[in-house]
Structures are given as structure tokens and as C-alpha cells.
**Student:** 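Questions regarding the structure given below will be posed in turn.
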Amino acid sequence: MSILNVEHLTHGFGDRAIFHDVSFRLLKGEHIGLVGANGEGKSTFFNIVTDKLMPDEGRIQWAKNVRVGYLDQHSVLAPGMTIRDVLKSAFSWLFELEERMNTICDSLGEASPEEMEVLMEELGTIQDTLTMHDFYVIDSKVEEVARALGLLDLGLDRDVTDLSGGQRTKVLLAKLLLEKPDILLLDEPTNYLDEEHIAWLKRYLQEYENAFILISHDIPFLNDVINIVYHMENQELNRYVGDYDHFLEVYEVKKAQLEAAAYRRQQQEISELKDFVARNKARVSTRNMAMSRQKKLDKMDVIELAAEKPKPEFHFKQGRTPGKYIFETKDLVIGYNEPLSRPLTLSMERGQKIALVGANGIGKTTLLKSILGLIPSLKGTRELGDNLQIGYFEQEVKGDNKTTCIDEIWAEFPSYTQYEVRSALAKCGLTTKHIESQVRVLSGGEQAKVRLCKLVNKETNVLLLDEPTNHLDVDAKEALKEALKEYRGSVLLICHEPEFYQDVVSQVWDCSKWTTKIL
């Protein structure tokens with residue numbers, strides 16, 4: 001049974017086409033991975049099928065009475081609510097039924113026999129619905145999912161406005177899973193989850209009886225949970241049965257066959273036809289044959305090879321040699337109003353590459369910002385080394401950036417020519433359309449590439465990177481990993497993907513050993 005049908009979808013922004021005559025279908029129980037490079041339109045597709053965005057052309061049809069749950073990259077929470085309030089709001093429709101049930105009970109004493117019969121039937125239906133959906137054990141269900149995603153550690157009565165971006169995403173994900181809709185739309189749900197919580201989500205999705213569509217650049221995660229792949233490329237959407245690895249094999253074979261056979265044969269035929277026309281159109285005796293071949297040329301459906309997407313190349317510029325120590329801390333206590341760590345005495349030496357790991361909310365980003373001096377520590381001291389040229393990649397960049405990518409880089413490097421600015425952005429995997437767009441309309445991955453462009457073109461001898469792989473596609477992650485392996489400076493990296501940082505760093509600091517949070 002088809003849950004969602006998309007027919008002849010065409011959409012674009014200005015002169016930048018995203019989809020052209022795209023069709024898509026979702027069947028009951030399918031676990032779909034929506035894949036493609038940054039900027040191909042995956043999040044735009046979600047916005048269109050959830051009516052957040054109107055397509056230029058096409059028809060979107062959902063089956064009747066389908067409940068859709070959508071977690072996007074930019075979800076927000078209303079201030080003034082606690083984590084518990086948000087999670088329990090997943091069952092708001094059941095609480096409304098309970099209110100209706102109470103109203104019916106209050107009115108039974110004044111009802112006529114005929115009204116009584118109707119009300120009792122409705123009451124029975126409501127009671128059955130509440131029981132079937134575990135209404136009377138909601139609190140335990142809330143605590144079960146909250147525990148699985150590490151939200152109990154934050155305190156369920158904590159105001160959502162006090163949470164970090166990653167913690168807010170966890171809360172929204174938990175609410176969505178509690179709703180258990182007929183179809184889940186998940187846009188990069190693992191970005192702010194640590195290994196333990198990713199493992200739980202993996203098990204949950206493997207056992208999920210309803211359908212879901214998942215956008216993710218975490219290939220091991222995709223392989224474990226999906227059975228269908230839809231691939232977005234060059235304004236097209238193609239369906240493949242199997243996991244991501246199987247899709248990749250089929251896609252490469254398909255691409256190679258197209259290039260090696262049909263395309264080359266047709267190009268040869270076109271060349272021969274054009275040559276015949278050029279040699280014979282002027283002769284009276286052969287003019288008709290030349291015109292016939294020209295008509296054949298004009299009517300031919302020319303095979304177009306998929307345009308190659310620019311693959312990112314990150315090469316960090318090396319700064320001068322720093323002193324022996326990058327930083328040293330003594331009895332440093334990090335936090336805001338409350339301590340997030342016990343007293344820390346740490347040091348990092350020139351050339352070291354270190355990963356900071358541990359659950360979200362235990363203070364990894366706070367430690368990074370305290371070392372940089374962006375936020376004050378609660379106690380203790382920190383001292384930076386000599387001759388440091390620091391490059392900092394921030395996890396969350398707030399604000400509605402209306403500048404174009406060109407202006408963004410130009411402001412950072414005013415001595416660059418326009419050619420140099422464009423070349424720098426192109427090397428980071430951005431197309432001409434991206435480069436000329438405002439930063440705010442780009443996808444999360446494209447925005448990350450703009451910020452990485454600033455970083456790689458600046459001379460540094462130490463890099464402090466806070467979750468740099470969030471939103472990056474597979475090619476960009478691989479290019480960044482190679483660049484960090486080649487980098488001769490020091491690296492302090494926050495990352496939740498072991499397959500990324502294990503090949504880059506020589507040490508791993510587990511922040512859960514220092515935190516004051518109860519884990």
C-alpha cells in the first residue's frame with residue numbers, strides 16, 4: 001500500500017534548479033535512505049512533502065489519515081516548557097480524548113436514555129483507544145525513551161531554553177519517537193548523538209514497524225537500518241533496493257555502463273552524421289540525403305552524462321612553529337552557573353592531535369571555549385602557549401546570514417581577487433550556484449563548507465574543531481579526514497564518529513571521566 005506518492009515534481013530557487021520531473025513513492029513499512037551530496041535538495045524534498053514549501057510543479061498525495069512526524073535540521077522548541085512538557089506533548093491527542101471522556105462522564109447524569117446510549121458507545125471507544133495506546137503508562141514510556149537518549153541526566157523538569165543545540169535536537173527526537181507516527185521523516189538525526197545513543201536509535205529503527213525516510217551521511221548507520229535507497233543527483237531521484245553499500249555498487253556499474261557504451265556509441269554516430277552533413281549539404285546530388293541526416297540529428301535524444309560534482313579538497317595552510325605547549329590548565333573548573341567538571345589539570349603539546357569524546361551536555365564544547373577564553377572558567381587557570389595561530393570551527397553558528405558566499409570569504413580575505421575567492425570556494429566542493437547564493441539559503445553541509453573554506457585559507461598552527469563532520473556529505477568527510485591527517489599542526493577535535501577521528505588523532509580524552517554530571 002502506498003503511503004506517499006510524488007508525481008512530476010519540479011522545483012528550484014531563482015535560476016537554480018533542484019528537481020526536474022521527479023517521482024517518488026513510499027510503501028508501508030519501507031525503511032528508506034535519502035542520499036546525495038550536500039545541496040542536492042534532500043531537506044528541500046522533506047519541506048515540500050510536509051507542505052512547508054510549495055513546489056513549482058507536481059503533485060504530492062498522502063494516504064488518508066496518515067500521521068507524519070518530521071525532525072529537521074532546524075527544529076526549534078517553544079520557550080517556557082520543560083523537557084517533560086515537550087515529551088508528554090507527543091500524547092496531546094490522547095490527553096484531548098481524556099478531556100472528552102471526562103466531559104462525557106460529567107454529562108451522563110443529565111442525559112436522556114437515547115443520549116445515554118450514544119454517549120456510552122463513544123465513551124467505550126475512547127477508553128479502548130486510550131488503553132490501546134498505553135495512555136495509562138505514559139510517564140514510564142516518557143522515562144524509557146528519555147533514558148535511552150540521555151535526557152534523564154539533564155533533568156526532565158529543566159527549561160528547554162537552557163539546553164544546547166544538540167540537547168534540543170535530542171528532546172525533539174525523543175518526542176517524535178514517542179509519537180510513533182505512521183511515517184518518520186528524519187533529517188540527520190545522529191548529528192548530536194553520542195555512540196551509545198546512536199546504537200539505541202539504530203536498534204529502534206531496525207525494529208520500527210512503520211515506514212521512515214532517513215537523511216544521513218553516516219554510512220554505517222544507514223547500512224544497518226535501511227532497505228531502500230533513493231539517490232538525488234542532477235535534479236533526478238532514482239530508486240535502488242538494498243542498503244547503501246549495495247546502492248553504491250549498482251550505481252557505479254550503471255554509471256560506467258552509460259559512459260562506456262551508450263554515450264560513446266551515440267557520440268560516434270553524431271560525429272559521423274555531422275561529418276556527412278558538412279560534406280554533402282552543398283552538393284545538389286546529395287543535398288536531400290544531407291537534409292535527412294540533419295533531421296535525424298535534430299530529433300535525436302542526446303544522452304547527457306551526469307555532471308560531475310566538485311569533490312572537496314581541504315588543505316590547511318601551515319603557520320609558523322608555535323612554542324612547546326599549546327595550552328596548560330591548572331585546577332580548571334568549567335561551567336556556567338553550575339560546575340560541569342571537577343578541577344582539570346591538562347596540557348597539550350605542539351604536534352599533538354587529540355579527540356574529545358563523551359555524551360552530549362557534559363561540557364566538551366564548554367571546555368573548548370574555556371581554553372580559547374571565549375567564556376570564563378569558574379575556578380582555576382588556563383594559559384595559552386606562545387606564537388599560536390588558532391583556527392576555530394564552531395559547532396553552532398546562529399543568525400540569519402544574508403551575505404553571499406563570495407562576500408563572506410571576501411570579508412575574511414579582502415586581498416583576494418574575485419577569481420581567488422571563487423577558486424577557494426570551489427575547492428571546498430561548492431558549485432557556481434552555491435557560491436553566488438546567500439549563505440542562509442544553503443544546506444547545513446554547504447554552510448559548513450563555507451566555514452571550512454575560511455579555515456583552510458588561514459595560516460594556522462593549531463585547530464580547535466567542534467563537530468566539524470555534522471551535515472557534511474561522504475566525500476567532504478573523507479577529504480577533511482585526509483587534510484587533518486596531513487596537517488602538521490596540533491588538533492583538538494570534538495567528534496561523535498569514531499570512524500572519522502580514529503585515523504586522525506593519537507589520543508582520545510574521555511570527558512565523561514571529568515564531568516560532574518551523573519551519567
Side-chain angles (χ1 to χ4, degrees), residues 313-336 339-358 362-395 412-413 415 448 451-469 477 479-516:
E313 295 179 16
F314 301 118
H315 300 288
F316 292 98
K317 290 188 176 181
Q318 192 68 44
R320 61 194 173 189
T321 303
K324 181 181 179 182
Y325 285 98
I326 303 301
F327 69 83
E328 292 181 284
T329 72
K330 186 174 181 182
D331 297 329
L332 185 75
V333 177
I334 61 170
Y336 294 89
L340 282 173
S341 75
R342 61 174 175 77
L344 300 174
T345 298
L346 306 168
S347 66
M348 180 178 184
E349 294 188 17
R350 179 180 62 230
Q352 283 188 311
K353 294 180 180 178
I354 300 168
L356 296 175
V357 302
I362 64 173
K364 300 188 299 294
T365 298
T366 307
L367 176 60
L368 217 59
K369 289 183 175 180
S370 298
I371 290 169
L372 285 168
L374 296 176
I375 58 174
S377 56
L378 299 182
K379 287 181 184 178
T381 61
R382 77 85 167 93
E383 188 174 344
L384 296 179
D386 298 324
N387 302 322
L388 297 188
Q389 294 171 284
I390 297 173
Y392 176 42
F393 184 94
E394 196 171 0
Q395 181 186 156
E412 194 83 10
F413 305 100
S415 64
R451 289 154 57 204
L452 283 169
C453 183
K454 293 181 185 180
L455 210 54
V456 299
N457 284 281
K458 174 184 176 184
E459 288 191 355
T460 62
N461 52 31
V462 56
L463 295 173
L464 276 65
L465 309 175
D466 192 351
E467 300 281 12
T469 61
K477 280 186 189 179
L480 180 58
K481 181 196 285 189
E482 291 305 312
L484 291 175
K485 286 163 68 175
E486 293 171 5
Y487 183 62
R488 296 196 308 275
S490 308
V491 177
L492 188 59
L493 165 71
I494 297 175
C495 185
H496 66 272
E497 299 182 54
E499 61 273 14
F500 180 85
Y501 66 73
Q502 281 171 351
D503 295 334
V504 172
V505 304
S506 54
Q507 290 187 44
V508 176
W509 289 356
D510 185 355
C511 297
S512 63
K513 294 178 180 177
W514 314 329
T515 186
T516 57

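Sequential numbering from 1 along the given sequence is applied to the chain's residues.
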**Student:** Test: salt bridge (charged side-chain N to carboxylate O under 4.0 Å, His left out). Region: residues 482-491. Which pairs qualify, not counting sequence neighbours?
**Tutor:**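 Qualifying pairs: Glu482-Lys485.
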**Student:** Does Asn461 reach the main-chain N or O of Gly319 with its side chain, forming a donor-acceptor pair under 3.5 Å?
**Tutor:**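 Here the side-chain-to-backbone pair does not exist.
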**Student:** For residues Ala483 and Phe316, report the shortest heavy-atom separation together with the two atoms involved.
**Tutor:** CB-CE1, 3.8 Å
**Student:** For Thr366 and Tyr336, which heavy atoms make the closest approach, and how far apart are they?
**Tutor:**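 That would be OG1-CE1, 3.6 Å.
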**Student:** Please assess Thr460 against Gln389 for the test side-chain hydrogen bond (donor to acceptor under 3.5 Å, both in side chains), listing each intermediate value before the final yes or no.
**Tutor:** CA-CA 5 Å; Thr460 62; Gln389 294 171 284; over 6 Å; no
**Student:** Has the side chain of Thr516 got a donor or acceptor atom that lies under 3.5 Å from a matching backbone atom of Pro339?
**Tutor:**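 Yes, Thr516 side chain to Pro339 backbone: donor-acceptor pair under 3.5 Å.
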**Student:** With sequence neighbours left out, which residue pairs that include part of residues 367-392 fulfil the salt bridge (charged side-chain N to carboxylate O under 4.0 Å, His left out) condition?
**Tutor:**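 Residue pairs with at least one partner in residues 367-392: Lys369-Glu394.
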**Student:** When you measure from the side chain of Thr345 to the backbone N and O of Asp331, does any donor-acceptor pair fall under 3.5 Å?
**Tutor:**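 Checked: pair present.
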**Student:** So, taking the atom named CG in Leu492 and the one named CD in Gln507, what distance separates them when rounded to the nearest 0.5 Å?
**Tutor:** 10.5 Å
**Student:** Give, for atom CG of Leu493 and atom CD1 of Ile354, the distance between the pair rounded to the nearest 0.5 Å.
**Tutor:**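 Atom-to-atom, Leu493:CG and Ile354:CD1 are 10.5 Å apart.
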**Student:** When you look at Lys477 and Glu497, which way does the side-chain contact (heavy atoms from CB on, under 4.5 Å) test go after all the steps?
**Tutor:** CA-CA 11 Å; Lys477 280 186 189 179; Glu497 299 182 54; 2.9 Å; yes
**Student:** Compare all side-chain heavy atoms of Trp509 with those of Val357 and state whether any distance is below 4.5 angstrom.
**Tutor:**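 Contact flag for Trp509/Val357 side chains = no.
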**Student:** Has the side chain of Thr329 got a donor or acceptor atom that lies under 3.5 Å from a matching backbone atom of Leu344?
**Tutor:** yes
**Student:** Once you round to the nearest 0.5 Å, how far does CG of Leu480 lie from CZ of Phe393?
**Tutor:** 8.5 Å
**Student:** If you compare all heavy atoms of Asp510 against all heavy atoms of Gly358, which two are closest, and at what distance to 0.1 Å?
**Tutor:**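 Smallest interatomic distance, heavy atoms only, reads OD1-CA, 4.3 Å.
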**Student:** Please say which of Ile494, Ile334, Leu340, Leu356 ends up in a side chain to side chain contact (heavy atoms under 4.5 Å, CB included) with Cys511.
**Tutor:**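 Result for side chain to side chain contact (heavy atoms under 4.5 Å, CB included) with Cys511: Leu356.
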**Student:** State, to 0.1 Å, how close Gln395 and Glu467 come at their nearest heavy-atom pair, and which atoms those are.
**Tutor:**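 Smallest heavy-atom distance, with atoms named: NE2-CG, 3.7 Å.
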**Student:** To the closest 0.5 Å, what do you measure between CG (Leu374) and OH (Tyr392)?
**Tutor:** 6.0 Å
**Student:** Of all the heavy-atom pairs spanning Glu349 and Gln352, show the shortest one and how long it is.
**Tutor:** N-OE1, 2.8 Å
**Student:** Hey, mind stepping through Leu452 and Phe314 against side-chain contact (heavy atoms from CB on, under 4.5 Å) and telling me if it holds?
**Tutor:** CA-CA 8 Å; Leu452 283 169; Phe314 301 118; 3.9 Å; yes
**Student:** Which atom pairs, one a donor and one an acceptor, fall under 3.5 Å between side chains of residues 498-506 and the rest of the protein, sequence neighbours left out?
**Tutor:**
residue: Tyr501; atom: OH; partner: Glu195; partner atom: OE2; Å: 3.4
residue: Asp503; atom: OD2; partner: Lys481; partner atom: NZ; Å: 3.3
residue: Ser506; atom: OG; partner: Lys353; partner atom: O; Å: 3.3

**Student:** Do the non-hydrogen side-chain atoms of Leu463 and Leu484 ever get within less than 4.5 Å of each other?
**Tutor:**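 The answer is yes, as the side chains (C-beta and beyond) meet within the 4.5 Å cut-off.
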**Student:** With rounding to the nearest 0.5 Å, note down the distance linking OG in Ser490 to CZ in Phe327.
**Tutor:**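 Reported value, rounded in 0.5 Å steps: 10.0 Å.
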**Student:** Is the backbone N or O of Trp514 less than 3.5 Å from a side-chain atom of Arg342, with the two atoms forming a donor-acceptor pair by type?
**Tutor:**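 Not a single qualifying donor-acceptor pair exists.
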**Student:** List the atom of Ile371, the atom of Leu384, and the distance in Å for their closest heavy-atom pair.
**Tutor:** O-CD2, 3.5 Å
**Student:** Run the side-chain contact (heavy atoms from CB on, under 4.5 Å) check on Thr321 and Arg350 step by step: do they pass?
**Tutor:** CA-CA 9 Å; Thr321 303; Arg350 179 180 62 230; 3.8 Å; yes
**Student:** Rounded to the nearest 0.5 Å, what separates atom NZ in Lys330 from atom OG in Ser347?
**Tutor:** 13.0 Å
**Student:** Before giving the answer on side-chain contact (heavy atoms from CB on, under 4.5 Å), spell out for Leu332 and Leu346 the whole-Å C-alpha distance, their side-chain angles and the decisive distance to 0.1 Å.
**Tutor:** CA-CA 9 Å; Leu332 185 75; Leu346 306 168; over 6 Å; no
